[in-house]
S.K.: 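Here's a structure for you.
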Amino acid sequence: MNFRTITKISLILTCALFFSCSVSEYSKLVQREMATGVIHDSLLFDMKFGEHRQDFYQKCWQLNQKGIISNGPGSTTVKYNLPMHGDIPSENGITMLFFGDFNEEKIMTGMDFQFYYNAWSIWNKSLQSDKLLPVVMDSLKKWYPGNNFIKVPLKKDSVEFLVKIDGNRRITIRPLNDERIVKAKIDDLRYVLDKD
């Protein structure tokens, strides 16, 4: 081989090595999961990614008529009291607020969630958001099986958020910034990556 060919090969290998080192574990996870071609479109209560906003409202109205859900605070979210098992103390009852996330075409691309203990109070340390976080994480893993959550650092910050990616479905749990509420989001990477 001549010098020019060796130089080209060395340059290509160096670029490949640099690129692989500069890509975060999170980016690698996104690429790997999207490459599987697996599509998870189910959210909850038979709601799915790709549905029109009107379908979301219709399903919520039907669930409300059955007494399964109700309006959340300020009528900006949907309220659902998570079912309790017999061995769980009533003070550990959890409320979940949710609402669809829609793009400009009014298509559901994700869903926002908030969780809190019903008996929360500022002085009850066992019902604070840091104690609720592992419960929320376990529930999301049961509802949406697949990979585990990983910690991903935020850019230019020392805090981390939790993320779980299975095919096109990304679930994130935001860093705690409230003593009461744990916030999470499920979104469809097909829509998210198209925006980037």
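In what follows, residues are counted from 1 in the order of the sequence shown. Computed from a prediction, not measured in an experiment: that's the story for all the values here.
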S.K.: Are Ile39 and Met47 connected in the hydrophobic side-chain network, where two residues link if heavy atoms are under 4.5 Å apart?
M.R.: no
S.K.: Answer yes or no: is there a side-chain heavy-atom contact under 4.5 Å between Leu162 and Thr172?
M.R.: no
S.K.: Treating Ser129 as the side-chain partner and Asp178 as the backbone partner, does any N or O pair qualify as donor plus acceptor under 3.5 Å?
M.R.: yes
S.K.: Under the side chain to side chain donor-acceptor pair (under 3.5 Å) rule, collect the residues that match up with Glu33, sequence neighbours excluded.
M.R.: Asn147
S.K.: Who pairs with Thr95 by side-chain contact (heavy atoms from CB on, under 4.5 Å), at least two apart in sequence or on another chain?
M.R.: Lys79, Asn81, Leu97, Tyr116, Asn118
S.K.: Measuring only between side-chain heavy atoms, which start at C-beta, is Phe115 closer than 4.5 Å to Phe98?
M.R.: no
S.K.: For Gln62, what residues pass the side-chain contact (heavy atoms from CB on, under 4.5 Å) criterion, not counting sequence neighbours?
M.R.: Gln58
S.K.: Can you list the residues that meet the side-chain contact (heavy atoms from CB on, under 4.5 Å) rule with Lys141, with sequence neighbours excluded?
M.R.: Asp138, Asn148, Phe149, Lys164
S.K.: Taking the side chain as every heavy atom from C-beta outward, state whether Phe113 and Ile171 have any atom pair closer than 4.5 Å.
M.R.: no
S.K.: Would you say the side chain of Val135 lies within less than 4.5 Å of the side chain of Tyr117, judging by non-hydrogen atoms?
M.R.: yes
S.K.: Under 4.5 Å between any side-chain heavy atoms of Asp187 and Thr109, yes or no?
M.R.: no
S.K.: Can you list the residues that meet the side-chain contact (heavy atoms from CB on, under 4.5 Å) rule with Asp55, with sequence neighbours excluded?
M.R.: Glu51, His52
S.K.: Step by step, work out the ring pair (Phe, Tyr, Trp, His ring centres under 6.0 Å) result for Phe49 and Tyr191.
M.R.: CA-CA 10 Å; Phe49 291 132; Tyr191 293 100; 7.3 Å; no
S.K.: Heavy atoms, side chains only, cut-off 4.5 Å: are Met108 and Asp188 in contact?
M.R.: no
S.K.: Hydrophobic clusters here meaning ILVMFWY residues chained together by side-chain heavy-atom distances under 4.5 Å, can you tell me if Leu132 and Ile181 are in one?
M.R.: no
S.K.: Do the rings of Phe99 and Phe56 sit parallel, tilted or perpendicular, given the 30° and 60° boundaries?
M.R.: perpendicular
S.K.: Listed by chain and number, what are the side chain to side chain donor-acceptor pair (under 3.5 Å) partners of Gln54, not counting sequence neighbours?
M.R.: none
S.K.: I'd like to know if Trp143 and Met137 are part of one continuous hydrophobic network [Ile/Leu/Val/Met/Phe/Trp/Tyr, side-chain heavy atoms within less than 4.5 Å].
M.R.: yes
S.K.: Mind checking the OG-CZ spacing from Ser42 to Arg169? Nearest 0.5 Å is all I need.
M.R.: 8.5 Å
S.K.: What residues, two or more places apart in sequence or in another chain, satisfy side chain to side chain donor-acceptor pair (under 3.5 Å) together with Lys185?
M.R.: Asp101, Asp112
S.K.: Does Val78 share a hydrophobic cluster with Tyr57, counting links as ILVMFWY side-chain heavy atoms below 4.5 Å and allowing steps through other members?
M.R.: yes
S.K.: Could you list all the salt bridge (Lys or Arg N to Asp or Glu O under 4.0 Å) pairs where at least one residue sits in residues 125-135, not counting sequence neighbours?
M.R.: none
S.K.: When rounded to the nearest 0.5 angstrom, what distance separates CD1 in Ile186 from CE in Met111?
M.R.: 7.5 Å
S.K.: Can you tell me how far CZ of Phe161 sits from NZ of Lys183, rounded to the nearest 0.5 angstrom?
M.R.: 15.0 Å
S.K.: Identify all side-chain donor-acceptor contacts of residues 63-71 below 3.5 Å with residues at least two apart in sequence or on another chain.
M.R.:
none

S.K.: Checking Thr77 now: which residues fulfil side chain to side chain donor-acceptor pair (under 3.5 Å) with it, not counting sequence neighbours?
M.R.: none
S.K.: Applying the 4.5 Å side-chain criterion to the ILVMFWY set and letting contacts propagate, would Val38 and Leu189 be lumped into a single cluster?
M.R.: no
S.K.: Heavy atoms only: give me the nearest Gln128-Asn124 pair and the separation to one decimal.
M.R.: NE2-O, 2.8 Å
S.K.: Report the residues that fulfil ring-ring contact (aromatic ring centres under 6.0 Å, His included) with Tyr26, sequence neighbours left out, ordered by chain and then residue number.
M.R.: none
S.K.: Which distance, rounded to the nearest 0.5 Å, do you find between the CZ of Arg180 and the OG of Ser121?
M.R.: 10.5 Å
